[in-house]
Amino acid sequence: MKMDLMSGYKGVVGLVFGNENSSNEDRYVERLLDRINNGKLPDDRRNAITELQAVVSENKAFQLAFGAMGLPIMLGVLKEERHDVEMVRGALETLVSALTPINHAKVSGNEVQPDLMNTDLLSREEESIPLLLSLLEEDDFYVRYYTLQILTALLTNSRQRLQETILTIPRGITRLMDMLMDREVIRNEALLLLTHLTREAEEIQKIIVFEGAYDKIFSIIREEGNSDGGVVVQDCLELLNNLIRSNASNQVLLRETIGLDPLILILKLRASSYSFTQQKTINLLSALETIKLLLKGGSDADPGKDANKQKNKTALVQKKVLDILLILGVESQWVPVAVRCAALKCIGDLIVGDSKNLDLLASKVLGEEPQVEPALNSILRIILRSSSMQEFIAADYVFKNFCEKNADGQAMLASTLIPQPYSVNHSFHEEDVNMSFGSMLLHGLTLGENNGDLETCSRAASVLSHILKDNLPCKERVLRIEIEAPMQSLGAPEPLMHRMVKYLALASSMKSKDGKSNNTSGNSYVQAVILKLLVTWLADCHNAVHCFLDARPHLTYLLELVSNSSETVCIRGFAAVVLGECVIYNNSPDSGKDAFAIVDLISQKIGLSLYFLKFEEMHKSFVFANAESSLTHRSFSRSSAASMADIQDVDENDLSEKKNADHPILASILDSYFVSFVKRLEANIREQIVEVYSRPKTKVAVVPSEIEQKSGESDGEYIKRLKAFVENQHSEIQDLVLRNGTLAEDLAKTGSSFQSEQRVSGGVDRVQTETLRRDFQEASKRLETLKEEKAKIESEANMYQNLAGKMEADLLSLSDAYNSLEQSNLQLENEVKALRGGGLSTLPDVEAIKAEAREEAMKESEVELNDLLVCLGQEQSKVDKLSARLLELGEDVDQLLEGIGDEAGPAEGFEDEDDDE
């Protein structure tokens, strides 16, 4: 039976690899399998399995041939020959070789991978998984080791199928957990297997936790040296993360059984740990991933997620995790960038929405006396001076979460923003820890005045936008800040907002000089961050709008920015939002700065349809599409963690591969809240602009008292007052006419472009329609001609069918006459015999008479038959031609001639009898 299966797969290597010699591999593997399966000598069978393992481990062709023919035989050895340890070892080792990729050369996309095919074949064998799990109870070390390797390979490529199967096997997971207490090599292999087994399998995760996984994991981590340990610590933490990821019940068990002390111990740095190996970096990243998962609290669909998250936060804070995170993320600058970024993001997650943790962070001071400073100042320093873009994003994430729904914290930070004289503000050194938070922030905001460092300015602007977010008192306070010019001769102090708009224009001019293709420079995202600050500042703040419009060039610059095609979609969209805020939050009584004037300028300089189009383009941009997933965190595994530890700017290379004009870092800076806020603003802007066009600039109350003449009023005064009233009405009417004319012109432009597109597309459609119409007419004519030819041929076929029927009837009549003649002849012969028997010798010669009569009858019948055959031949020729024509027209000739041949039987009988005669 097994050899039949082998023969069924024979030649599979040749079919897959297209190799002329591939059948040799098939035959060679087949001979070895035959020796293993049917051999009589144990040594010969063992030698054959050793030889098979060697060739399968080195050659893909042999690997593929073995998978097609050898899997059932190897499983048979494992099942039936458990007493022969050497044969079981050989079979398992051969299976390991068959499931292990051979990386002699880079695999192309279309090349068949035999190891994957063999994995799939083996996982589909019903008895394979229970059989392999039963082998884990064997005493032989190599049997257990090879079995774990096979199960790991199966889980790597067919995880879901294996997970479902293992759940149905009694004590299957228990056997795997027992391997964690085995010898070190087997324990490490079992860790790898369990990390694959627990991915996205909640039921298996719960079973493993109840089997005592936490105790075993942290016991192994302690033995290996915590974060200073090797790859085994990484495997343990990866298994731990799989167990608690989106699983609130397992997080509760971790918190309430063994506690969080072992996890905190991993993150603590020893006094002498100033050097970081790549493996130590990966171990710390994995432990910080565990902290992040605990701070998330569980699956979004879990109703108890928030309560569990809060309990996790409380437990972590009690273990002084904030101090450890500050050491990793802020104080220890020798820590790798990837670890610092992960620690900062954990700080942000720890404080968001938690008033106690917010106050705790605000009260933290770092450093040693006398060089101490608040933790928030140190984090701001990282933002302003870090050379790593991702470290800036991580530190900015801390301030974003610190200011989220924290009005007191925002007010505390804003209170430190006290403007200093130019000489004092610019005499501070970056490293001066005595600088207040506000002084440091204002120093960063105005740093571009001298050296054009707009990147630092934009980073400070991002922090300021968090301080102002949804906080009107802070907006009003910062609005009163004025920045002195470098020299008094250059002008009076100007508001901070005006300085930010100045830097916005400066960034645009520097970008145009550098060339718009230079997207990797800092200036390529400075504009977007400053515009984000303006959008946040102007929202719900009328005084901010007034301050912005106090400088007439601001509005002119924004209009140019919106209509500038060389700017990115994101920049044009944000500028359009700022313009819209100048409409909806504008209560200025000045006719030159009110909402009506802004809408008029938008209509005249840009056009309302094009203005609204900027919003639609912005919504489709890369930044808006990726805002929701910008802060998603990748889980660590052996394949991804090494690359994560090596990078200096996490994911920046991946982001730069996005083919988009906007700087890829914007997807991280512009969070989902800001994106949704802009979408809400757009709806309000559209509604407000429509309202502006639907009512006059000033409300004129037409009341009878103004029309009627007042008592004591002279006729001249009355006429003068009515004249002024009419002039006011006329002015309002002219204003509305002008507005409607502008709108009509705008709509006409849009309509004309649409109509021109319609004309072009309509002309193409007409040409295509006319061509199709002519083709249809020609096809109809040809169809009619074919129908006529078909009817004519069918008529001729019917005529010849009738003629053939008549000829068959004549043949039948002739056959009947011949039969009658034969009967008469037979009767005469009988009479002659009777007369001869009576002795009448005088009668005439009857035989001569009979021969003469027969000869005459034959002559007559032959003449008639020849004539008939000639006619039939002629008609048959016509029928053949007509049949060929019918076949060309697609008609079924056999159906038309059906039944004609059935009546030919008598005629054929006649010819047969004639031949017999």
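Index from 1, following the sequence.
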- Query: Are S123 and L162 side-chain neighbours, meaning at least one heavy-atom pair lies under 4.5 Å?
  - Reply: yes
field: Heavy-atom check, side chain of M435 versus side chain of E373, under 4.5 Å
entry: no
Angle between ring planes, Y145 versus F141, binned at 30° and 60°: parallel, tilted or perpendicular? parallel
Taking every heavy atom of I266 against every heavy atom of A287, the minimum-distance pair comes out as CG2-CB, 3.9 Å
Scanning both residues in full, the closest heavy-atom pair of N226 with N283 reads O-ND2, 4.3 Å
Rounded to the nearest 0.5 Å, the NZ atom of K320 sits from the CD1 atom of I327 at a distance of 12.0 Å
inquiry  = Treating T314 as the side-chain partner and Q310 as the backbone partner, does any N or O pair qualify as donor plus acceptor under 3.5 Å?
reply    = yes
- Query: Less than 4.5 Å apart, any side-chain heavy atom of L176 and any of L133?
  - Reply: yes
**Message:** Checking N247 against Q205 for the side chain to side chain donor-acceptor pair (under 3.5 Å) test, could you report, in this order, the C-alpha distance in whole Å, the side-chain angles of both residues, the deciding distance, and whether it holds?
**Reply:** CA-CA 9 Å; N247 197 322; Q205 293 168 4; 3.0 Å; yes
CG of L325 to CG of L288, rounded to nearest 0.5 Å, is 6.5 Å
d(N188 CG, L180 CG) to nearest 0.5 Å is 9.5 Å
**Asked** With distance as the sole criterion, is a donor-acceptor pair present between the side chains of Q53 and S97 under 3.5 Å?
**Response** yes
In short, Y525 meets S458 closest at the heavy-atom pair CE1-OG, 3.8 Å
*Would you say the side-chain atoms of H466 and D396 include a donor-acceptor pair closer than 3.5 Å?*
yes
Within a 6.0 Å radius of atom CD on E331, are there more than 12 heavy atoms belonging to other residues, nucleotides or ligands? yes
TODO: Apply side-chain contact (heavy atoms from CB on, under 4.5 Å) to K311 and Q251, showing your working.
DONE: CA-CA 10 Å; K311 291 180 180 178; Q251 293 182 12; over 6 Å; no
*Sub-3.5 Å donor-acceptor pair from the side chain of N401 to the main-chain atoms of G348, do we have one?*
yes
_Distance alone, cut at 3.5 Å: any donor-acceptor contact between the side chains of E391 and S386?_
yes
Between the OG1 atom in T156 and the CG atom in L192, the distance rounded to the nearest 0.5 Å is 8.5 Å
Measuring only between side-chain heavy atoms, which start at C-beta, is L260 closer than 4.5 Å to L294?
yes
### Query
Is the backbone N or O of L135 less than 3.5 Å from a side-chain atom of R144, with the two atoms forming a donor-acceptor pair by type?
no
Looking only at heavy atoms, the pair that brings A395 and L344 closest together is N-CD1, 3.9 Å
d(I264 CD1, I324 CD1) to nearest 0.5 Å is 5.0 Å
- Query: Please walk me through it: do E137 and R175 pass salt bridge (charged side-chain N to carboxylate O under 4.0 Å, His left out)?
  - Reply: CA-CA 8 Å; E137 298 179 346; R175 294 174 189 169; 3.2 Å; yes
- Message: With side-chain contact (heavy atoms from CB on, under 4.5 Å) as the criterion, how do D115 and I102 come out once you've worked through the C-alpha distance, each side chain's angles and the decisive distance to 0.1 Å?
- Response: CA-CA 8 Å; D115 58 296; I102 300 174; over 6 Å; no
Exercise. Taking the six-membered ring of F674, is NZ or CZ of K469 closer than 6.0 Å to its centre and within 45° of its axis?
Worked result: no
Checklist entry - Just by distance, do the side chain of R187 and the backbone of M179 share a donor-acceptor pair under 3.5 Å? => result no
Determine, using ring centers only, whether F392 and F399 are less than 6.0 Å apart.
-> no
Practice prompt. Please confirm whether the backbone N or O of K280 pairs with a side-chain atom of T277, one donor and one acceptor, at under 3.5 Å?
Written response: yes
Rounding to 0.5 Å, atoms CG (L380) and CG (L441) come to a distance of 5.5 Å
What do you reckon, is NZ of K364 surrounded by more than 12 foreign heavy atoms closer than 6.0 Å? yes
Side chain of N118, backbone of Q63: donor and acceptor closer than 3.5 Å? yes
Determine whether Y397 and D349 satisfy the following criterion, side chain to side chain donor-acceptor pair (under 3.5 Å), listing intermediate values before the conclusion.
CA-CA 9 Å; Y397 181 69; D349 292 333; 2.5 Å; yes
Check: Between the main-chain N or O of L191 and the side-chain N or O of D235, is there a donor-acceptor pair closer than 3.5 Å?
Finding: no
What do the steps show when you test D120 against L116 for side-chain contact (heavy atoms from CB on, under 4.5 Å), and what is the final call?
CA-CA 6 Å; D120 186 67; L116 298 182; over 6 Å; no
Requested in this report: Show your reasoning for whether side chain to side chain donor-acceptor pair (under 3.5 Å) applies to Q234 and S286.
Outcome: CA-CA 7 Å; Q234 176 190 344; S286 299; 5.5 Å; no
- Query: Is there a side-chain contact between N157 and L99, using heavy atoms and a 4.5 Å cut-off?
  - Reply: no
Exercise. Please say whether the positively charged group of R89, taken as NZ for Lys or CZ for Arg, lies over the ring of Y142, i.e. under 6.0 angstrom from the six-membered ring centre and within 45 degrees of the axis.
Key: no
Output yes when a side-chain donor or acceptor of N357 lies under 3.5 Å from a complementary backbone atom of L350, and no otherwise.
-> yes
### Query
Is the count of non-hydrogen atoms from other residues, nucleotides or ligands lying under 6.0 Å from Q160 atom CD greater than 12?
no
| field | Full working for salt bridge (charged side-chain N to carboxylate O under 4.0 Å, His left out) between E238 and R199 | value | CA-CA 10 Å; E238 185 178 352; R199 287 176 186 165; 2.7 Å; yes
Worksheet item: Would K305 and S299 satisfy side-chain contact (heavy atoms from CB on, under 4.5 Å), going step by step from the backbone distance to the final call?
Response: CA-CA 7 Å; K305 171 189 173 182; S299 172; over 6 Å; no
Is the shortest side-chain heavy-atom distance between I379 and F402 below 4.5 Å?
no
Looking only at heavy atoms, the pair that brings A394 and C341 closest together is CB-O, 3.7 Å
Take R171 and E211, measure what salt bridge (charged side-chain N to carboxylate O under 4.0 Å, His left out) needs, and give me the verdict at the end. CA-CA 11 Å; R171 296 190 72 252; E211 291 283 345; over 6 Å; no
Of all heavy-atom pairs linking L122 and S128, the shortest is O-OG, 2.9 Å
For this session: Any chance you could lay out the side chain to side chain donor-acceptor pair (under 3.5 Å) test for R255 and N308, step after step, and finish with the verdict?
Result: CA-CA 10 Å; R255 188 178 66 241; N308 183 56; 2.9 Å; yes
Measure the shortest side-chain to side-chain distance between L253 and N250 over non-hydrogen atoms and say whether it is less than 4.5 angstrom. yes
